Amino acid sequence: MADGLRIRLATAADAAVVGALHAESWRSAYRGLLPDAALDGDLVAERQQTWADRLGAGGTRRLTWLLLEDDAPEAFLSLVLEEDPVHGHLIDNLHVRPHLKSRGHGRLLLAEAAHAAARHDPAQPLHLLVLDGNWPAARFYERLGARHVETLEDDHLSGTRVRSHRYRWTNAGALLAGLGVTR
Ligand SMILES: CC(C)(COP(=O)(O)OP(=O)(O)OC[C@H]1O[C@@H](n2cnc3c(N)ncnc32)[C@H](O)[C@@H]1OP(=O)(O)O)[C@@H](O)C(=O)NCCC(=O)NCCS
């Protein structure tokens with residue numbers, strides 16, 4: 001990992017940071033994909049409350065990592081272990097600050113998640129949902145070996161059904177192979 005970069009697990013104390021990063025990324029990447037009213041409303045507070053709930057819930061099934069550069073948060077990923085009996089572990093969110101994309105942060109966080117999934121249960125698939133129209137993200141995952149398995153209507157933002165695409169890796173090893181990571 002480059003000098004100054006580090007990845008650590010997020011705790012409930014990081015809810016405000018993760019929520020702000022999430023809102024910033026949605027406003028940049030999801031314009032035209034989610035309703036303007038949702039993006040232009042009090043999205044920061046809404047996302048911060050969501051992450052306060054998620055990170056404060058305890059339990060061991062959700063693991064959330066923050067990537068920091070010189071202690072400044074630049075990206076996060078959340079993984080829900082054994083989220084689905086068919087599709088396996090869920091990569092629930094992966095967001096990089098808009099001006100810091102394409103520097104390898106997404107790949108580093110995916111490698112962290114793949115290692116954790118492999119430690120927990122290496123046989124289960126890994127999956128995630130991509131909003132319809134978020135083609136840069138879909139291509140990013142496809143280049144890493146994910147396969148499109150279905151299109152569905154997902155309750156992405158409470159009360160708003162949004163068309164989404166499920167992508168899946170056969171198992172954590174397949175994602176690590178796509179990342180070119182050898183264990
Ligand atoms: C999609 C997303 C998570 C990818 O993360 P990222 O950090 O931008 O992706 P990476 O930098 O790891 O990889 C992207 C490309 O940059 C390249 N790259 C990696 N490190 C690099 C570096 N140091 N310098 C230049 N390019 C680099 C990679 O080779 C990769 O190219 P490829 O996809 O053609 O193989 C990020 O762009 C993002 O947050 N998008 C907006 C929110 C979003 O859509 N999230 C996904 C929700 S499903």
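Along the sequence shown, residues carry numbers from 1. Note that the structure is predicted; figures quoted are calculated from it, not measured. Whatever order the structure lists ligands and atoms in, that order sets their numbers, starting from 1.
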Trainee: Please determine whether a side-chain nitrogen of the Lys or Arg among Arg166 and Glu150 lies less than 4.0 Å from a carboxylate oxygen of the Asp or Glu.
Mentor: yes

Trainee: Give yes or no for whether the N/O distance cutoff of 3.5 Å, strictly under, is met between Leu129 and ligand 1.
Mentor: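 Min N/O separation from ligand 1 is not below 3.5 Å for Leu129.
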
Trainee: Which ligand 1 atoms, with their elements, are less than 4.0 angstrom from a heavy-atom of His95?
Mentor: 39 (O), 42 (C), 45 (N)

Trainee: What residue and heavy atom of the protein are closest to atom 9 (O) of ligand 1, and at what distance?
Mentor: Phe140 CE1, 3.5 Å

Trainee: Of Arg103, His22, Arg143, which has the heavy atom at the shortest distance from atom 23 (N) of ligand 1?
Mentor: Arg103

Trainee: Hey, are Arg103 and Glu69 close enough for a salt bridge, meaning a charged N less than 4.0 Å from a carboxylate O?
Mentor: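 Yes.
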
Trainee: When the ring centroid of His165 is compared with that of Trp135, is the distance short of 6.0 Å?
Mentor: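 That pair passes the under 6.0 Å test.
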
Trainee: Within the 4.0 Å heavy-atom shell around Gly104, which atoms of ligand 1 are there?
Mentor: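 Contacts of ligand 1 toward Gly104, numbered from 1: 10 (P), 11 (O), 12 (O), 19 (C), 20 (N), 21 (C).
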
Trainee: Apply salt bridge (charged side-chain N to carboxylate O under 4.0 Å, His left out) to the pair Arg31 and Asp40, showing each step before the final yes or no.
Mentor: CA-CA 10 Å; Arg31 183 67 63 186; Asp40 295 332; 2.9 Å; yes

Trainee: At what distance is the nearest protein heavy atom to atom 39 (O) of ligand 1, and which residue and atom is it?
Mentor: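 Residue, atom and distance for the closest contact: Val96 N, 2.8 Å.
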
Trainee: Can a salt bridge be assigned to the pair Arg8 and Asp14 using a cut-off of 4.0 Å between side-chain N and carboxylate O?
Mentor: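 Yes, charged N to carboxylate O under 4.0 Å.
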
Trainee: Should you measure from each heavy atom of Asn134, which atoms of ligand 1 turn up under 4.0 Å away?
Mentor: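 Those atoms are 43 (C), 44 (O).
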
Trainee: Tell me if the centroids of the rings in Phe76 and His22 come within less than 6.0 Å of each other.
Mentor: yes

Trainee: Counting heavy atoms only, which of Arg107, Lys101, Glu74 is nearest atom 29 (O) of ligand 1?
Mentor: Arg107

Trainee: Out of all atoms in ligand 1, which are within 4.0 Å of some heavy atom of Ser25? Include the element for each.
Mentor: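 Under 4.0 Å from Ser25, ligand 1 has these atoms: 41 (C), 42 (C).
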
Trainee: Return the option from Ser102, Ala75, Gly180 holding the heavy atom at the smallest distance from atom 8 (O) of ligand 1.
Mentor: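 It is Ser102 whose heavy atom sits nearest to atom 8 (O) of ligand 1.
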
Trainee: More than 12 heavy atoms of other residues, nucleotides or ligands under 6.0 Å from CG of Asp3: yes or no?
Mentor: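 Counting other residues, nucleotides and ligands, CG of Asp3 stays at 12 neighbours or fewer.
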
Trainee: What about Ala29: any of its N or O atoms under 3.5 Å from an N or O on ligand 1?
Mentor: no

Trainee: Starting from atom 7 (O) of ligand 1, find the nearest protein heavy-atom neighbour and note its residue, name and distance.
Mentor: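 Ranked first by proximity to atom 7 (O) of ligand 1 is Gly106 N, 2.8 Å.
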
Trainee: Just which atoms of ligand 1 are under 4.0 Å from any heavy atom in Tyr30?
Mentor: 47 (C)

Trainee: Determine, for Arg97 against Glu24, whether the closest basic-nitrogen to carboxylate-oxygen distance falls under 4.0 angstrom.
Mentor: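 Here Arg97 pairs with Glu24 in a salt bridge, since their nearest N and O are under 4.0 Å apart.
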
Trainee: Considering residues, nucleotides and ligands other than Arg163, do more than 12 of their heavy atoms fall under 6.0 Å from its CZ?
Mentor: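 Atom CZ in Arg163 is not crowded, with 12 or fewer foreign heavy atoms closer than 6.0 Å.
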
Trainee: Could you tell me the residue and atom name of the protein heavy atom closest to atom 45 (N) of ligand 1, and the distance to it rounded to 0.1 Å?
Mentor: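 Its nearest protein heavy-atom neighbour is Leu94 O, 2.9 Å.
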
